[in-house]
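A quick write-up on the structure given underneath.
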Number of protein chains: 2
Amino acid sequence: MTPRPSFKIPKIPEMTIRRLSVYTRCLLQLEEDGVKTVSSEELAERFNLNSAQVRKDLAYFGEFGVRGIGYYVSGLKAELQRILGLDREWQVALVGFGNLGSALFNYKGFAHQGFRISVIFDDDPQKAGRTVDGVPILPLRELAQEAKGRNLQIGIVAVPPAAAQAVADRLVAAGIKAILNFAPTRLKVPKDVRLQNVDLSIELETLSFYLAQVSR
Amino acid sequence: MTPRPSFKIPKIPEMTIRRLSVYTRCLLQLEEDGVKTVSSEELAERFNLNSAQVRKDLAYFGEFGVRGIGYYVSGLKAELQRILGLDREWQVALVGFGNLGSALFNYKGFAHQGFRISVIFDDDPQKAGRTVDGVPILPLRELAQEAKGRNLQIGIVAVPPAAAQAVADRLVAAGIKAILNFAPTRLKVPKDVRLQNVDLSIELETLSFYLAQVSR
DNA sequence: GTGTGATAGTGTTCCTGTTCACATGGCTCC
DNA sequence: GGAGCCATGTGAACAGGAACACTATCACAC
């Protein structure tokens with residue numbers, strides 16, 4: 001569906017990337033626990049996956065394993081972090097500082113993986129101009145300028161659905177190439193902009209569907 | 001991967017369900033705009049999908065369309081709402097009232113689709129015992145009892161990863177069959193419990209991966 | 001009442017991702 | 001230094017979802 005731009009690496013399934021992220025988290029834990037090596041089998045059963053899948057996922061990016069041994073935890077962790085771009089700091093712009101926006105901002109899980117919300121945009125005059133934890137809240141019109149100055153690379157859309165497309169358009173115009181959208185709308189963005197949607201309604205309604213099935 | 005319990009309806013792809021949810025939202029909008037009928041083609045291009053896919057998705061559940069015309073907006077909307085179980089009210093338990101938990105609670109998008117957070121659980125003594133917007137915050141130990149009394153059907157897990165599995169176990173023990181998990185952990189639940197994960201780190205790291213690719 | 005046009009429903013094909021199974025190759029122990 | 005072990009890496013089979021193309025059917029015009 002999404003025609004992928006031509007990367008060095010030929011054709012990585014989306015699902016592989018998502019699993020890479022999961023593996024990384026697991027390896028972080030294993031390293032903390034002092035585990036030195038881990039086999040694809042062990043890794044697989046933690047997420048009830050197939051061990052072949054784990055190996056194939058990793059093999060897309062190189063030969064990280066040692067036959068007869070498995071994978072060295074810290075080595076693999078470092079590789080995956082590099083592949084996922086977690087070895088650097090990304091400057092993130094958060095647009096919308098309502099309930100969801102402020103929760104995302106206060107959620108400390110991001111920072112420690114290199115995602116830094118360095119500026120917030122919100123047109124509400126009650127909010128714009130203030131500062132939270134040293135991060136300025138600015139009106140949306142300053143986005144283009146700030147994007148350059150702060151080298152913003154990721155935009156998080158946490159505004160009401162009606163405003164989401166307009167916000168996305170401005171993020172794109174400001175040269176941002178990666179958007180995480182929380183608004184329950186399908187945004188239209190150019191092909192070279194990577195869009196990731198998180199739609200809470202869909203998740204809940206999927207649950208609701210299954211409940212409705214069993215109770216029918 | 002997920003061995004599905006045997007429903008009346010034989011084999012609905014997960015992706016179909018998710019799209020159903022999207023169609024429903026679109027139909028709601030169309031109805032508001034006074035549109036009477038819509039073709040699979042029109043519906044498809046709003047989400048850049050294939051029209052055949054739209055038709056197939058809908059045909060899983062019956063023949064809702066009229067050849068030569070399309071689908072009647074309000075009729076189809078009602079059908080989809082019924083299929084998704086949105087024609088009734090679900091009682092939802094929110095576990096964890098930290099940043100994310102309270103944002104979810106305050107997010108008004110849920111209620112209007114029939115998802116009612118009727119009780120919150122949090123063991124923090126600062127919170128337990130209080131009431132927000134008429135909804136009680138209770139210690140986790142009261143879960144089992146409340147689940148029965150309030151007929152809770154959906155549990156939302158918004159606690160730190162370390163506590164998530166324990167919470168899930170208690171939700172399962174309390175007879176809850178549908179869990180929406182926001183903790184960045186893979187939870188283990190029995191096969192008859194439907195688990196839906198929302199993992200913000202994965203989404204961000206997917207973006208990060210693509211950014212890292214293009215900038216290499 | 002009949003013809004025409006438009007669009008739903010569906011069998012088939014295609015393609016992508018998952019699983020299987022085996023051969024490859026490094027490590028260890030004798 | 002050689003033999004055996006054991007887990008990786010990978011080509012091939014398999015499965016499931018998406019796209020295509022065709023057929024059936026309905027509404028409306030004449």
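Protein chains get the first letters and strands the later ones, always in sequence-line order, with residue 1 at the start of each.
- Contact check on B:Arg18 versus B:Asp57 returns no salt bridge, with no Lys/Arg side-chain nitrogen under 4.0 Å from an Asp/Glu carboxylate oxygen.
- Counting only heavy atoms from C-beta outward, the side chains of A:Leu28 and A:Gln81 approach each other to under 4.5 Å.
- Across the protein-nucleic acid pair, B:Phe47 atom CZ and D:dA18 atom C1' stand 17 Å apart, rounded to whole Å.
- Taking 4.5 Å as the limit, some side-chain heavy atom of B:Phe47 sits within range of a side-chain heavy atom of B:Tyr23.
- Of the charged side-chain nitrogens involved, none lies within less than 4.0 Å of a carboxylate oxygen, so that A:Arg82 and A:Asp87 do not count as a salt-bridged pair.
- At whole-Å resolution of the value, CZ in A:Arg18 and C1' in C:dT18 are 17 Å apart.
- Side-chain contact between B:Glu205 and A:Phe115 is present, with at least one heavy-atom pair separated by less than 4.5 Å.
- With a 4.5 Å cut-off on side-chain heavy atoms, A:Thr185 and A:Gln165 do not count as touching.
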TODO: Encode nucleotides 6-15 of chain C as B, S and - characters from 5' to 3', where the letter depends on protein heavy atoms closer than 4.0 Å: B to the base, S only to sugar-phosphate, - to neither.
DONE: BBBBBBB---
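- Note: CG (B:Leu49) to P (D:dC20) measures 13 Å, nearest angstrom.
- Regarding A:Phe61, its CZ atom lies at a distance of 16 Å from the C1' atom of D:dT10, rounded to whole Å.
- The CG atom of A:Asp57 sits 11 Å away from the P atom of C:dG17 (whole-angstrom rounding).
- One can place CD of A:Glu14 at 17 Å from P of D:dG17, the figure rounded to the nearest angstrom.
- Remark: the backbone N or O of A:Gly98 is paired with a side-chain donor or acceptor of A:Ser102 at under 3.5 angstrom.
- We find that A:Glu14 and A:Arg194 are joined by a salt bridge, their nearest charged nitrogen and carboxylate oxygen being less than 4.0 Å apart.
- Whole-Å rounding puts the B:Lys36 NZ to D:dA27 C1' distance at 18 Å.
- In summary, B:Lys36 and B:Glu31 do not engage in a salt bridge, as defined by a charged side-chain N under 4.0 Å from a carboxylate O.
- The overall bend of the helix from C:dG1-D:dC30 to C:dC30-D:dG1, read as the angle between its terminal helix axes built from five base pairs each, is 10° when rounded to 10 degrees.
- Protein atom CD of B:Gln53 is 17 Å distant from nucleotide atom P of D:dG16, rounded to whole Å.
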